[in-house]
Each structure stands twice: as C-alpha cells, then as structure tokens.
**Q** 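Pasting in a structure now, in structure tokens, and then I'll have a few things to ask.
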Amino acid sequence: MNSIRLPAWMSGIGGTNTKSLAAPILIIMLLAMMILPLPAIVLDLFFSFNIALSIIVLLTALYTVKPLDFMAFPAVLLVSTMLRLSLNVASTRIVLTEGHTGGAAAGKVIEAFGHFLIGGNYTIGIVVFIILTIINFVVVTKGAGRIAEVGARFALDALPGKQMAIDADLNAGLIGEADARKRRSEVSMEAEFYGAMDGASKYVRGDAVAGIMVTVINVVGGLLIGVLSHNMPVGEAAKVYTLLAIGDGLVAQIPSLVISVAAGIIVSRVASDTDVGTQMVGQLFAKPQVMYITGGIIGGMGLIPGMPNLMFLSLGAALGGTGYMLAKKRKEEEANGTAGGATGGGGGGGQAAGGNAGAGGQGAAPSENEEASWSDVQAVDTLGLEVGYRLIPLVDKAQSGELLKRIKGIRKKFAQEVGFLAPPVHIRDNLELKPSAYRITLKGVEVGAGEAFNGQFLAINPGMASGSLPGLATTDPAFGLPATWIDAGLRDQAQGMGYTVVDAGTVVATHLNHLITTHASELLGRTEVQALLDHLGKEAPKLIEDLVPKMLSLAALQKVLQNLLGEGVHIRDMRSIIEALAEHTAHTQDPNELTALVRIALGRAIVQQLFPGNGELSVMTLDNRLERLLMQALATGGADGAGIEPGLADTIAQQAAQASQQQEALGVTPVLLVPGPLRPLLSRFLRRALPQLKVLSHAEIPESKTIRVTALVGNT
C-alpha cells in the first residue's frame, strides 16, 4: 500500500510540534477579541488569565539566573501587552453597551475591582488608578527602558572584547572548540536580547499611556451614553460608568505593573550564578556590622517619646540578634576552613592527591619519644599548586571548585597537543601564603607565583585597550601583560574598552598551563617515557622491541625526547621518532646527534607548528660573513661553541633580538634559519635570552615550502 506524505506545514499538526501552533492561535484570538463581542463570563476568564500570566512572568524573572534563560521575554512582553489592549477593547464595548444595567454588566472581575478594591467610591478609584499609572509609567517602565537601552549599547560595545576572551580561553586550552562555539552563540544572543528588550520596553510605556486614555474615554463615553441613550440621571450615570471604567482600568493596570517590574528585574540584574532572591538575601543580610548599626539606630528611635516604642525596640533587637547569628556563623566557617585543608586535586579524572593540610596547617607536632622512620620521608610532588585560604573555594570539591575542572582540561589538552600525559597536579592550602596568593611548584621548587582575587576579574590589556579602569594595577602572571583587578560590575565595561577579562580561576589555570608547557621537558620522566612506549607498543610492538632496549637504552630515548620538548617540539608523532631512531642508532648513540636527525624526520610537523597553513615561510638568516665565523668557531671550540668571542656573542644576541621584534611586529613567529651544524649551538645560545625565537636548520624545511628572508642577523 502506498504511503501518503503530508506537507511539512501539516506534519506538525497533531504531532510533537503542536507547541508551534500556540503563537498563531493566540494572535488570532487577540484579533477576535478586538472585533467580536464577548460575553461577561468569557471576559472574566481572560482577565483572570491575564493576572495569572503576569504573576507567572514575574516569578520566572525572579528565578532566572541569566537573562538568556528567559530569552522569550521580549516576545512575552509584546503578547501580554496586546492581550491587555484586546481586553480593554472588549471590556469597553460591553461597558458602553450594557453598563446601564448595573455594576455586574462587564463581569464579576471588573465589578470586584470596582467595589472591593476601592470600596465603591469612584473618587478613590480615580486616585488609585492615577497613582498606579504614574508608578508604572514614570518610575518602573521608564527606568527599565533606560536600563535596557544602556544594556543594549554596552552589550554591542562589549561584543569584540567577549569574543577575544573566548578566543583566549580556547588558545589557553581551558575550553574546547564546541564550548567556544557555544559561548560565541551566547554572546551574540545576549546582544540581540538586550536590543529586543530596548524595543519591547516601549510597548509597556505605550500600554500605560493607552490605559489612561481608554479609561478617560470610557468615563466620558459612558456618561454621554447613560444620559442621552438610557435617560439615566447625571449623578447615577457618572457613578456607574466611572466605577466600571476604573475597575476595568485597574484590572488591566495591575498586571501591567507586574509585567513592568518583571522587565526591570530582567534587565537590571547583574550576571551571577544565583537568582535575584538569593542575591538580595545573601548580600543585604551578609554583614554583621550592618545589622548591628541598623539595629542600634532603630532601637535608638524606639527610645524617643511619642514614637511606636515597642515596634522600634522589637525590630532593633531582631536586627541585633541577626547580626550576632551572622557573626557566629562566619567565625565557625573560618574555623572550619583553617582547620581543614583544601579538598580536591587536578589530574586524571581528579585522582591527584589533595586535601592535604597546607604548610600553615601542620597539625599536631610529633611526639619527642617517637623514633624516626621511613614514613617520615615524604615524596616530592612533581607538580604542585599551593593556595591561600581565600582561594580554597576554587579548588574545593565540596564547593564545586571550577579550577579543578580547568586543570583536568589543561592536562587533557596538553596530552593531545604535546604527546604525553603530564603528572597530576597536587593541590593543597598553605596558610603561610597571603590569603589570595598562590604558587606553583615543580619537583618541590617554586616556578611561578601570583595573586588571584576570588570574586573579582582580571582585565588584561592586550595592547589595544582604550582608557584605564579603577582597581588594583598588576601584571598578568602568565605573560607579563599590564592588567587590573576590577569588580564584577565593571566586567562588561572593560570588555567594551578592549580588555580581555578573565576570572580568578582562569588566571591561575592559564598561569599553570603556561608553566606546564614551558617545563614540558622536565615533566617527562622515565615513567612517562615507559608509558609512551607501552602505549605505542599496543599498535606496533615489533617496532618497540627492536629499538628499546636492544639498540637504544631507555635513558637515551628519554634524553632525545627531552631535547625535543626543550626546544618546543611536540612528540605526538612517536612512530616517526621511533623509526628515525631505529634508522640512525646503529651509527651514533649521542643523544644530541640523534635529536638533530629526529628533527629532520619531524621537519614537516615542526614547520606546521610554527607556520600553520602558510605555504611561504618568513624567516631570518645569518649574514654570510657571520655564518663563516661561526663555522670556524664551531670547528675550533667544538659543539659547545667555546670558541665564540664574547663580543661576537653579544652582537649576535642583540641583532637576533631586534630581528625577532620586527618579526613579531609583522605578526610572524620569529624563526632563525641556519645550516644544520650551527643549529644546536645557536639554539642553546639564544634559548635563554630569547625563548620566543625558534632556530631551524635548512634540512628541516620541507621542499614544498617557499622561504622568504625578512631579516639578516650580522649584517652590519
């Protein structure tokens, strides 16, 4: 039997895509309400639904953590405004046609608002209606509209800075490509959201103006219809139609006010991981000193004769008690934080040893009568991170420390790019450090340190930022760029000015990632080399068996790999490395010579690492005279270059530094291209002074690449 395929627009009907029909049906209903007369009971239903909808929108706004969590709000704002206007049209029709029959002519809801809320007094109703309208129009709506306008402008201005921050996290290995793509999408949607809110807020203001005009028209029109068409006395007509008009206006104006408050909450909240209610309670009632002072002032007012003494004194005592409880709770938290160490660790699946007491929390001293044993000898951690007590939340599993996840990501990205798994990072607190300080150790020796202020952001000037920011001036601990620690409220402003803004956890993670990459050769121990061989042996067991240990010792292989890592060469392609060693080990066992031969085998990968996607290589070379001098010095002094004169060495270093700056100014990686015999000598000589300069030999350049010389070193 032949199947029948429905058109795409029909396939959603009755299927899983029925939600898509909600908007068209709602728009049709709104238009129908404006055109067709509605009975009073249907009006009651829609007015009740309008009130419920406004409450739902307000509560959703209160419990929203990020504006993008309620991305449909501008559309909801428009639909709710149109719903109120449609109800105004429908209620106006029934008030003017049936109002002479009594207060229940337009339904029970309007009657209840006209009699119960304002006591049946239309003078009070007019005053209450005007006050609500002024509050909505002058205060809430105008403020929300202004915030939305400014937010839209700042969101658009900050868009380039946020994109740069995402790219910086991606390059630092803190996020993957999928996360970066998701963040870019969120940044774009956030800018669109504030732009939509800027326009949608105008609907709310127009709704407030329309409410006033509709009410006035209802009062005047009802008075004329009641007197002229139904022969009602002027006083009775004024009372009946005014109460109905005011009740109708209040039924529409109260939900409008609620929706306006929701709009103000959405656009005025500062980005955080908590909803508005939690923010307000957590920050208003967080400081005991504030509670003490406020309680003292209120209690003092309660002592003044003529004041409501009992009320003021009771409130003052309650505030003082709240301050005492807050202070007591804070002391308990500080005591617990001091006694216990930071829990957690970085590394393979979070298995790194953590939770050790810091250097400041030594615990009880050992008994003098206790004999020393081998258990007193503690192993030195290969990689360690020590933090001050204010940074403990970043590394505490119980507090969902973000830094732990970032460290796992760093090790994973390092393994994927460099080619081996770095040792786990052992994290502990150290009370001897400053509260916001941290230090990174390699085999027990400090290799990096800095300060990171939890709750604040580091605005880094990449060289293109305009203007200065209030805050603590410092330098980026990883790359030494000028930076400033700023409050969270200045984040969007800083991004709009061109700063790269990162949080405290990202600062520590980036510094750690930089140091791990820089000291990769020291992290490659015998254990890691053996693990590499075991991993490769699963795919090519015969290749490994023929080389290690028959032709080359494990120590020699480790030295070759360390030489490669020391010069920034990744060792992901272990198969090519092993094959090159197997080919040349029979002729030499010198690790330095083997390193040079392996580099030739990895030439294409080395060039790709330095010049990704470029067919033409912009490099520096040596002047012919300098090249001959160095070849003579190499023949005289040996491979260590002892025959190079100090004056010549200084000249080479200075000119290489100048040429490197020119290369970096052109946006090109500084690379010095030299003959093969000179490459190890110049690489060791220039590595300490110019770590960013890479030295390649002619034999390492693939034949498919074109070389363009941009500078000559020694051309004086």
**Q** I need the R491 CZ to Q456 CD distance, nearest 0.5 Å.
**A** 13.5 Å
**Q** Listed by chain and number, what are the side chain to side chain contact (heavy atoms under 4.5 Å, CB included) partners of A689, not counting sequence neighbours?
**A** none
**Q** Quick one: list whatever passes side chain to side chain donor-acceptor pair (under 3.5 Å) with Q658, sequence neighbours left out.
**A** none
**Q** Any Lys/Arg nitrogen of E567 or R687 sitting under 4.0 Å from an Asp/Glu carboxylate oxygen of the other?
**A** yes
**Q** Do K413 and N513 touch side chain to side chain, with heavy atoms closer than 4.5 Å?
**A** no
**Q** Are the side chains of L458 and T474 in touch, meaning some heavy atoms are under 4.5 Å apart?
**A** yes
**Q** Taking C-beta and beyond as the side chain, do L404 and I427 meet within less than 4.5 Å on heavy atoms?
**A** yes
**Q** Mind checking what makes ring-ring contact (aromatic ring centres under 6.0 Å, His included) contact with F611, not counting sequence neighbours?
**A** none
**Q** Excluding sequence neighbours, so at least two apart, what forms side chain to side chain donor-acceptor pair (under 3.5 Å) with R688?
**A** none
**Q** Going by side chain to side chain contact (heavy atoms under 4.5 Å, CB included), name the residues that satisfy it together with N454, two or more places apart in sequence or in a different chain.
**A** L391, P393, L394
**Q** Is it true that a side-chain atom of N461 and a backbone atom of G463 form a donor plus acceptor pair closer than 3.5 Å?
**A** yes
**Q** Restricting to non-hydrogen atoms, name the atom on F453 and the atom on S436 that form the minimum distance, rounded to 0.1 Å.
**A** CD2-OG, 3.7 Å
**Q** Indicate yes or no: at least one non-hydrogen side-chain atom of R599 is less than 4.5 angstrom from one of L564.
**A** yes
**Q** What distance separates E522 CD from L565 CG, expressed to the nearest 0.5 Å?
**A** 11.0 Å
**Q** Which atom pair, heavy atoms only, marks the closest approach of I410 to A509?
**A** CD1-O, 3.1 Å
**Q** With sequence neighbours left out, write down each residue that passes side chain to side chain contact (heavy atoms under 4.5 Å, CB included) with H511, or none if nothing qualifies.
**A** Y438, I440, P477, A478, L515
**Q** Quick one: OG1 on T621 to CG on L672, what's the gap to the nearest 0.5 Å?
**A** 7.5 Å
**Q** Over all heavy atoms of both residues, which pair between Q558 and L524 is shortest? Give the atoms and the distance, please.
**A** NE2-O, 3.2 Å
**Q** Among all residues two or more places apart in sequence or in another chain, which pass the ring-ring contact (aromatic ring centres under 6.0 Å, His included) test with F457?
**A** none
**Q** Write down the atom of G568, the atom of Q609, and the distance for their closest heavy-atom approach.
**A** O-NE2, 2.7 Å
**Q** Any salt bridge (charged side-chain N to carboxylate O under 4.0 Å, His left out) pairs touching residues 574-587, not counting sequence neighbours?
**A** E539-R575
**Q** Can you tell whether the side chains of K694 and E700 come within less than 4.0 Å, N to carboxylate O?
**A** no
**Q** What are the two closest non-hydrogen atoms of L690 and A653, and how far apart are they?
**A** CD1-O, 4.2 Å
**Q** Kindly state each residue pair satisfying salt bridge (charged side-chain N to carboxylate O under 4.0 Å, His left out) with at least one member in residues 503-515, sequence neighbours excluded.
**A** R406-D503
**Q** Atom OG1 in T510, atom CG in D476: separation rounded to 0.5 Å?
**A** 7.5 Å
**Q** Please examine the side chains of L557 and L533, heavy atoms only from C-beta on, and report whether any two atoms are closer than 4.5 Å.
**A** yes
**Q** Is the backbone of E386 close enough, under 3.5 Å, to the side chain of R428 for a donor and an acceptor to pair up by distance?
**A** no
**Q** Ignoring hydrogens, what is the shortest heavy-atom contact between H514 and F479? Give both atom names and the distance.
**A** ND1-CE2, 3.5 Å
**Q** Look at the side chain of T651 and the backbone N and O of G647, then say whether any donor-acceptor pair between them is shorter than 3.5 Å.
**A** yes
**Q** Which residue pairs pass the side-chain hydrogen bond (donor to acceptor under 3.5 Å, both in side chains) test when at least one of the two sits in residues 663-675, sequence neighbours left out?
**A** Q663-T710
**Q** Does atom NE2 of H535 have more than 12 heavy-atom neighbours from other groups under 6.0 Å away?
**A** no
**Q** Would you say that I652 contacts L648 through its side chain, given a criterion of any heavy-atom pair below 4.5 Å between the two side chains?
**A** yes
**Q** Test of understanding: with ring-ring contact (aromatic ring centres under 6.0 Å, His included), list the residues that count as partners of H519, not counting sequence neighbours.
**A** none
**Q** Holding to side chain to side chain contact (heavy atoms under 4.5 Å, CB included), I want the full list of residues that pass it with D590, two or more places apart in sequence or in another chain.
**A** T588, N592, E593
